[in-house]
Amino acid sequence: MKTQELQQSLSDILEKVDDVVVDYLIPNAKKWDTERAFPRENLAALGEEGLLGLMIPKELGGMGGTPRIYKEVVVKLAQACASTALVYVQHTSAASIMLYGKQQPYISEQLGLMAQGKRLATIALSEAGSGCYFFLPVSQAEKIDKNFRLNTNKTMVTSAGEADIYVTNSKATFAKNSMQSNFYVIPKEHPGITLGGIWEGMGLRGNQSAPMTIDCQLDEEMLIGKEGEGFKIVRESLLPMGQIGISALNIGIAKAIYEESVSYVKKRFYAHINTNLSNFQSIQQIVGEMKIICDQAEKALDTVVLKLEQNQLDMVSTLEIKVMACQAAMQLADLGLKVCGGYAYSAHSPIERYIRDSKAGSVMGPTPEVLKELIGKIVLDVPTQL
Ligand SMILES: Cc1cc2nc3c(=O)[nH]c(=O)nc-3n(C[C@H](O)[C@H](O)[C@H](O)COP(=O)(O)OP(=O)(O)OC[C@H]3O[C@@H](n4cnc5c(N)ncnc54)[C@H](O)[C@@H]3O)c2cc1C
């Protein structure tokens, strides 16, 4: 696509996102958080605008969006309602894994339904045995003729029970280690999916995370790609899209805290000395620091996105961005509390929700500790085997 066309397509899509944000996300963000309720109306509205198919190719009925457009959309969603943004990111991550098998009739049919907004997807990968290394499953499938028998417990699944499609993983039937894994697509109506109780997380409370047991037989058409290709799928599809999505989500949270803090500082007036909070030099410095942190993290993400669009996946920068974005969200949470005081501490202000939301990214695999270790290994020429 030419630059001008790309620019036009970006602004058209962002206009659609703005409409959904204004009509649906902003008015009810507090409600989803307080009631720990799934933001289904928001997802329906995104589906109606075609945005559930943003990253699905046009030939499958999607918008054929670029990583840059995806990043911009997620930042906007997260600024308004981070729970909705997480559900959207997990849906898009599931789509990115499925795209690896887009030549397979069953998978392309499911992708087509997702593009039309008729099916919401998610990823059900994490297991107790490998925790935040969710890309290294310990459960193993058995082969029965051409089909698979799977019995696995997934510890945390966003949109659990709400999504229509679950992309899950296990070790391949012949695997000697977790690197040889399989990804599968399982529709909600498939027998053998049982939900555990809701996982009452600190933040992102509208994402309906729950444990899930998957104990069933799967037809060979539900396998994405070939047996044992799981790690290749992680490296080529899930890693870049997952890192962009979760980083954009955290940058959105950081920007939301920044904007709310600036607005508060400008308004806060001290009658006893007849001045505004914004006139204190130390407050000006903190606000300056908040701006620098947000800008640096977003610029780093933009650089990765640009390289990806030029088909130059830079592994270290791709690993770095999630660390930087999660740090940005948590630093902004601390600084926001510092400049907004009791206003930020109270559930009456959105900052209190953003502070809780800012913690999730660092708990989600691959965690910043795991990413830093991998970056260190690459820099030091040490094998990256985990
Ligand atoms: C809001 C939210 C939504 C989620 N949604 C999904 C979903 O949709 N699908 C899904 O599959 N999973 C999901 N998860 C799960 C997530 O991706 C992780 O797998 C899970 O949070 C890991 O939790 P754990 O307690 O098992 O971590 P553990 O593996 O027990 O890790 C505990 C701590 O040890 C640290 N650690 C681990 N290795 C090292 C090391 N080498 N050096 C230093 N420190 C280390 C980690 O950084 C972490 O802080 C979600 C999690 C959250 C918080």
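Excluded from the calculations below are hydrogen atoms, water molecules and symmetry mates; all remaining heavy atoms, backbone and side chain alike, are included. Just so you know, ligand 1 is whichever comes first in the structure, and atom 1 is the first atom listed for that ligand.
Heavy-atom separations between Gly201 and ligand 1 are all 4.0 Å or longer. At a 4.0 Å cut-off, not a single heavy atom of Lys154 sits close enough to ligand 1 to count as contact.
For atom 13 (C) of ligand 1, the nearest non-hydrogen atom of the protein is Met156 O, 3.1 Å. Scanning the protein for heavy atoms near atom 43 (C) of ligand 1, the closest one is Glu369 CB, 3.6 Å. In terms of protein heavy-atom proximity, atom 31 (O) of ligand 1 is nearest to Cys132 SG, 4.0 Å.
Annotation: Ala360 places no N or O atom under 3.5 Å from an N or O atom of ligand 1; distance criterion only. Taking distance alone, with nitrogen or oxygen atoms compared against 3.5 Å, Val363 approaches ligand 1 more closely than that limit. By the 3.5 Å distance cut-off applied to N or O atoms, Leu86 is not counted among the residues near ligand 1. Residue contacts with ligand 1: Gly365 is placed with a nitrogen or oxygen under 3.5 Å of a nitrogen or oxygen of the ligand (distance criterion only). Where the criterion is an N or O separation shorter than 3.5 Å, residue side chain and backbone included, Met364 fails it with respect to ligand 1. In terms of N/O distances under 3.5 Å, ligand 1 is not approached by Ser362. Distances between N or O atoms of Leu125 and those of ligand 1 include at least one value under 3.5 Å.
The residue from Asn42, Asn28, Asn207 that alone fulfils the side-chain hydrogen bond (donor to acceptor under 3.5 Å, both in side chains) condition with Thr84 is Asn42.
Contacts of Tyr166 with ligand 1, taken as heavy-atom pairs under 4.0 Å, are absent altogether.
Without hydrogens or angle criteria, Glu221 side chain to Gln104 main chain gives no donor-acceptor distance under 3.5 Å.
Residue-ligand proximity, Gly131 to ligand 1, at heavy-atom distances under 4.0 Å covers atoms 19 (O), 22 (C), 26 (O), 29 (O).
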